[in-house]
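All heavy atoms count here, side chains included; hydrogens, waters and symmetry mates do not.
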Protein chains: 2
Amino acid sequence: MAQIVRTEDEGDPRLDDFRDLSTADRRPDRPGGRGLVIAEGTVVVRRLLASAYPPRALLGVERRIDELAPDLADVPVPAYVTSAEVMAEVVGFHLNRGVLAVADRAPQPDADEILARSRVVAVLEGVGDHENIGALFRNAAALGVDGVLLGAGCADPLYRRSVRVSMGNVLRVPFAALTPWPSGLERVRAAGFRVAALTPRADARTLREVAADGGRTALLLGSEGPGLTAEALDSADVAVRIPMSEGVDSLNVATAAAVAFYELAAAVN
Amino acid sequence: MAQIVRTEDEGDPRLDDFRDLSTADRRPDRPGGRGLVIAEGTVVVRRLLASAYPPRALLGVERRIDELAPDLADVPVPAYVTSAEVMAEVVGFHLNRGVLAVADRAPQPDADEILARSRVVAVLEGVGDHENIGALFRNAAALGVDGVLLGAGCADPLYRRSVRVSMGNVLRVPFAALTPWPSGLERVRAAGFRVAALTPRADARTLREVAADGGRTALLLGSEGPGLTAEALDSADVAVRIPMSEGVDSLNVATAAAVAFYELAAAVN
């Protein structure tokens, strides 16, 4: 059982993992970053506790820690209980979800391991927005994507905001860097995947046609503004498009991904 | 041609339509609201100028107003040019898009008019989040939805943040209130639509099956947390679900809508 520890001291050094979340640790994966994973709110904290990420501690108001008691039964870490005011002082902003957990990073499978056990993967290039990355993992988890490979220029899926927007699904959909970029796509192809690049280009095949071909598919997705680089597009086996109304901007990248994930799943169901 | 007017006076009363945007006018459609429509950024301002909403004025830094010159050729309203600093003082925050337009509301078609000329409509209940409403209109515009009907508890699509997130598509996808709620759904049915309620319920038919039935479809969508009310669900002709992985939270409402819009469009293409 987690050890319940009450504290009303905003300077308590045992709370340092939770300190100044809005300013520190913007890229925890980079040198100098703390490398910690933060979960916010009972739903995401539960998902963290059920994941492979080893928890270090929780911090929350009494009501939220109480709600999590069943999830904490086998978790031998401290759960710090304090007031909403002290919590806001430590964290640096008012947190209306009322509970946080912090964990260390877990060892991740590499790209080849993910590919070996997957039917559909997403491969991202230049998706640098933390909310888009988070939303994309949420959609991947819901719609049967087995893993995510990160090409050049992607944001860290384990950044706090990505974890929150993903509803904790970054903690359960496996991901790995795909390097070098874009020649790493050869490894994807060598693993038996067709690389399908999503693009608004009119000469691309429709999503429905490409999904109907079946087989293992790596869906290549670019950033919302500029889209995929020419190098990445050239490395794909097929260009695929979502039919859209004339004169409308393309969809948000996570939304376009959801439509494509859905179609790729529907093709086998 | 718009009349270019330079001003460096943050108190200039001619700029009052643009004043304190972050605090005023949260529900401009309600009594006491100013009833104005605000567009931010060149892309959305262009869409506003191309819409039925009568523009009143623009406010922007020189570079952005210059970019819009071709769009302003036939628009007989003042375009106030000022510095980024004065603009921030007037608006109440720093606006990195650099240009705003303000318009009056345009007369909207009513629900029956929209229904008469549509094949697919979205009908919303309790979608109270401005970003979700905006994203939903963006997805509707991209994926062939002809109109949006607003049941009880929906946010105003013309609120500033909704306009921005929609990329201006709230200005071109027609929408109307559907009252009374939910019995107004009878009018939808009387117009020849099948009302299909999107729900995570396991006993619902799959989206693919329902789309394959063809015909005019009104897709009924509820809010992200609680979903549709029992009354709305009971008023539908068919319950429809997006097949999802076990144990995953449902998709964001705008994302789920995008998947459904896509499938309803694909069924006829």
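- Across all their heavy atoms, A:Ser245 and B:Ala141 have their closest contact at OG-O, 2.9 Å.
- Other residues, nucleotides and ligands contribute at most 12 non-hydrogen atoms within 6.0 Å of the CG atom of A:Asp74.
- The neighbour count for A:Arg205 CZ, taken as heavy atoms of other residues, nucleotides or ligands under 6.0 Å away, is above 12.
- One finds the CD atom of B:Glu131 at 7.5 Å from the CD atom of A:Glu131 (value rounded to the nearest 0.5 Å).
- Top candidate by heavy-atom pairs under 4.5 Å with chain A, chosen from B:Val43, B:Asn252, B:Thr206, B:Ile242, is B:Asn252.
- The residue among A:Ser250, A:Ala260, A:Gly144, A:Ala256 with the most heavy atom pairs within less than 4.5 Å of chain B is A:Ser250.
- Of the inter-residue distances, the one linking A:Leu251 atom CG with B:Tyr262 atom OH reads 11.5 Å to the nearest 0.5 angstrom.
- Only the side chain of B:Asn169 comes within less than 4.5 Å of a heavy atom of chain A; its backbone N, CA, C and O stay farther away.
- Chosen from A:Arg47, A:Arg208, A:Met167, A:Arg172, the residue pairing most often with chain B at heavy-atom distances under 4.5 Å is A:Arg208.
- Atom CG of A:Asn139 is separated from atom OG1 of B:Thr255 by 5.0 Å, given to the nearest 0.5 angstrom.
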